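If you're wondering where the values come from, they're calculated on a predicted model, not measured in any experiment.
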Amino acid sequence: MSLLFRRASLASLGLAFGLSALSLSPLMAQQTAPAPADATAPAAAPVDPNTIIATVNGQPLTEADLVLAEGELSQQFAQLPPEQRRAAALSAAIEIRVMAAQAVTTGLDKDPDFQRRMAFLQQRALHGEMVEKGVVNKVTDAEVRARYDQEIANTPPTNEVHARHILVKTKEEAEAIIKQLDGGADFQKLANEHTSDPSGKTSGGDLGWFGPGQMVPEFDKAAFALEVGKYTKQPVQSQFGWHVIKLEDKRTKQPPAFDDVKDQAKQAVIRDKYFALVKSLRAGAKVEIPDAKLKQAVDTLESAK
C-alpha cells in the first residue's frame, strides 16, 4: 500500500504541516486499535471534570486540570506503573503551579522573551485546535472510502510472480545445474543440495511471491521474462553470485483491502483538507517578507505543497 498512499509522514508535507503533526499526533495515537476491554469488568463511572482534586495556595486544581497534565506529560510517565501515573501527574501539576506562581511573583511573566514564547505557544495551541476541530473531526467515512476508491482506480494493475532460485558462487556451477535440469532433475531437490542462500536450503529455493523492483535488477528482469514452469537457460549474475531461476506462477497483484489501509486513506484526506484550508487562509492574509532571498525560499516551499 505504500505505493498507493506514498507513506510520507505528516511532518514532511510542509513547514506549516510540520507543526500540525505535533498537535495531530495524540489524535492519531487514539485511532490505533485499543486493547480489548474486559467484558466482566464494571463500566467506570463518569468523572465530573470540575471535581476539585487539590487546592494550591487556595486555587482549585480540578479533574480536568489533572487530565490535561497527564496528557501533556504522558511521555515522562510512560515508564511508571499505571497505578502511579495519576499521583505522579498530580505531583507534577502542583509543582508547576507553585513554580509558576513564584515566577509571577518575581516578574518573569513580564520578560519580553517569555511573552514572545507564550504568544507563539498560544498560536500553536490554537493551530492545533483548528486542525483537530476544523479538519480532522470533519472527515467523514464516505470521504475516506472515496479516497481509497480513487487511489485504487488510479493505480495501474501490476503483476507479481512466484519463483524459486538456486544461488551458487560461479558461472560454471550454475551451468552444471542447468545441465542437470535439462536432463530432468528436480529443481527443488537441486536447490536444497546446492544453493548458498540459507533460506532456500530447506524450501527448495522458494522465494514466494514478489512484485517488480523487489529483487535486484538482473534477477528481477530474468524472473519476469520467464514463462510459468520454465527456468533460466543461462545463469543470471547479480551482486550475490550466479542464479538459476524457475518461475512457478504469476498473477495480477490484488489491491489491499479497505480495512487494511483505511487509516492511511484517512490521513491522506486529512492532508488534503489541511492544505486546502491553509491555501484559502493564506490567500486572504496579507503576508510581506522584505528579504527577497528568504521570500523566494518560502515561495518555493509553498509551491511544493
- Considering residues, nucleotides and ligands other than Gln75, do more than 12 of their heavy atoms fall under 6.0 Å from its CD? no
- Note on the structure: Value for CG (Leu277) from NZ (Lys138), rounded to nearest 0.5 Å, stands at 8.5 Å
- Item | Pairwise side-chain contact, Glu248 with Val228, heavy-atom cut-off 4.5 Å (strictly under) | no
- Nearest heavy-atom neighbours spanning Ile245 and Ala222: CD1-CB, 4.0 Å
- Item | Crowding at CD, Gln214 (>12 non-hydrogen neighbours, <6.0 Å) | yes
- By side-chain hydrogen bond (donor to acceptor under 3.5 Å, both in side chains) - contacts of Lys133 (at least two apart): Glu129
- Message: For Arg86, give me all partners under salt bridge (charged side-chain N to carboxylate O under 4.0 Å, His left out), at least two apart in sequence or on another chain.
- Response: Glu63
- Item | Approximate separation, where rounding is to 0.5 Å, of Lys171 NZ and Trp242 CH2 | 5.0 Å
- Query: Would you say Pro235 and Ile178 make side-chain contact, with heavy atoms under 4.5 Å?
  - Reply: yes
- Message: Donor-acceptor check, side chain of Arg85 to backbone of Leu80, threshold 3.5 angstrom: yes or no?
- Response: yes
- Message: Assess, by modelled atom type and distance only, whether the side chains of His243 and Ser238 contain a donor and an acceptor separated by less than 3.5 Å.
- Response: yes
- Nearest heavy-atom neighbours spanning Val244 and Ala174: CG2-O, 3.8 Å
- Message: In this structure, would Val236 and Val216 fall into the same cluster of hydrophobic residues linked by side-chain contacts under 4.5 Å?
- Response: yes
- Task: Would you confirm whether Gln122, through its side chain, and Ala119, through its main-chain N or O, come within 3.5 Å as a donor-acceptor pair?
- Result: no
- What distance do Glu143 atom CD and Ile270 atom CD1 have between them, rounded to the nearest 0.5 Å? 10.5 Å
Pairs under 3.5 angstrom only: tabulate donor-acceptor contacts from the side chains of residues 288-297 to other protein residues two or more places apart or in another chain.
from   : atom 1 : to     : atom 2 : distance (Å)
Asp291 : OD1    : Lys293 : N      : 3.0
Asp291 : OD1    : Leu294 : N      : 3.1
Lys295 : NZ     : Asp299 : OD2    : 2.9

- Yes or no on side-chain contact (heavy atoms from CB on, under 4.5 Å) for Val135 and Lys273, after CA distance, side-chain angles and deciding distance? CA-CA 6 Å; Val135 179; Lys273 282 181 170 289; 3.8 Å; yes
Review item, side-chain donor-acceptor pairs of residues 46-58, under 3.5 Å, at least two apart:
from  : atom 1 : to    : atom 2 : distance (Å)
Asp48 : OD1    : Asn50 : N      : 2.9
Thr51 : OG1    : Asp48 : O      : 2.9

- dist Asp263:CG -> Lys266:NZ (nearest 0.5 Å) comes out at 8.0 Å
- Message: When you compare the side chains of His165 and Asp206, does any donor N or O come within less than 3.5 Å of an acceptor on the partner?
- Response: no
- If every non-hydrogen atom of Asn192 is compared with every non-hydrogen atom of Ser203, which pair is closest and at what distance? OD1-N, 3.6 Å
- Quick one: do Phe219 and Leu167 end up in the same hydrophobic cluster if we chain Ile, Leu, Val, Met, Phe, Trp and Tyr together by side-chain heavy atoms under 4.5 Å apart? yes
- After noting the C-alpha distance and the side-chain angles of Lys279 and Phe275, does the key distance pass the side-chain contact (heavy atoms from CB on, under 4.5 Å) rule? CA-CA 6 Å; Lys279 185 176 181 179; Phe275 282 129; over 6 Å; no
- Query: Would the number of heavy atoms belonging to other residues, nucleotides or ligands and lying under 6.0 Å from NZ of Lys201 be above 12?
  - Reply: yes
- Query: Would a distance-only check, ignoring hydrogens and angles, find a side-chain to backbone donor-acceptor pair under 3.5 Å from Gln84 to Pro81?
  - Reply: no
- Message: Looking at Arg145 and Asp141, is there a salt bridge between them, counting it only when a charged N and a carboxylate O are closer than 4.0 Å?
- Response: no
- Message: With a 4.5 Å cut-off on side-chain heavy atoms, are Tyr148 and Gln264 touching?
- Response: no
- Item | Inter-residue atom distance Arg124.CZ - Leu121.CG, 0.5 Å rounding | 6.5 Å
- Query: Does a donor on one side chain and an acceptor on the other come within less than 3.5 Å for Asp197 and Thr195?
  - Reply: no
- Is the shortest heavy-atom distance from the side chain of Glu160 to the side chain of Arg251 under 4.5 Å? yes
- List the steps and the verdict of side-chain contact (heavy atoms from CB on, under 4.5 Å) for Arg147 and Val144. CA-CA 5 Å; Arg147 181 53 182 261; Val144 175; 5.8 Å; no
- Flag side-chain contact, heavy atom, 4.5 Å: Val131 against Val136: yes
- Query: Is any side-chain heavy atom of Leu207 less than 4.5 Å from a side-chain heavy atom of Arg164?
  - Reply: no
- Task: Answer with yes or no whether the hydrophobic clustering places Met130 together with Val139; edges join I, L, V, M, F, W, Y residues whose side-chain heavy atoms lie under 4.5 Å apart.
- Result: yes
- Note on the structure: Scanning both residues in full, the closest heavy-atom pair of Pro198 with Ser196 reads CD-O, 3.2 Å
- Query: Should we count CD of Glu218 as having more than 12 external heavy atoms under 6.0 Å?
  - Reply: yes
- Item | Leu108 vs Phe114, side-chain contact (heavy atoms from CB on, under 4.5 Å): CA-CA, chis, key distance, verdict | CA-CA 7 Å; Leu108 292 179; Phe114 170 78; 6.0 Å; no
- Is the shortest heavy-atom distance from the side chain of Met215 to the side chain of Phe210 under 4.5 Å? yes
- Query: Does some side-chain heavy atom of Leu247 sit less than 4.5 Å from a side-chain heavy atom of Glu227?
  - Reply: no
- Message: Using a 6.0 Å cut-off, check whether atom NZ of Lys250 has over 12 heavy atoms from anything other than its own residue.
- Response: yes
Give every donor-acceptor pair under 3.5 Å between a side-chain atom in residues 180-190 and any protein atom, sequence neighbours left out.
from   : atom 1 : to     : atom 2 : distance (Å)
Asp182 : OD1    : Tyr231 : OH     : 2.4
Asp182 : OD1    : Lys233 : NZ     : 3.0
Asp186 : OD2    : Gln188 : N      : 3.3
Asp186 : OD2    : Lys189 : N      : 2.8
Lys189 : NZ     : Glu193 : OE2    : 2.6

Side-chain polar contacts of residues 87-99 - donor-acceptor pairs under 3.5 angstrom, sequence neighbours left out - could you list them?
from  : atom 1 : to    : atom 2 : distance (Å)
Arg97 : NH1    : Pro60 : O      : 3.3
Arg97 : NH2    : Asp65 : OD2    : 3.2

- Message: With rounding to the nearest 0.5 angstrom, report the OH to CD distance, Tyr274 to Gln267.
- Response: 15.0 Å
- Task: Consider only side-chain N and O atoms of Gln102 and Thr105, and report whether a donor and an acceptor are under 3.5 Å apart.
- Result: no
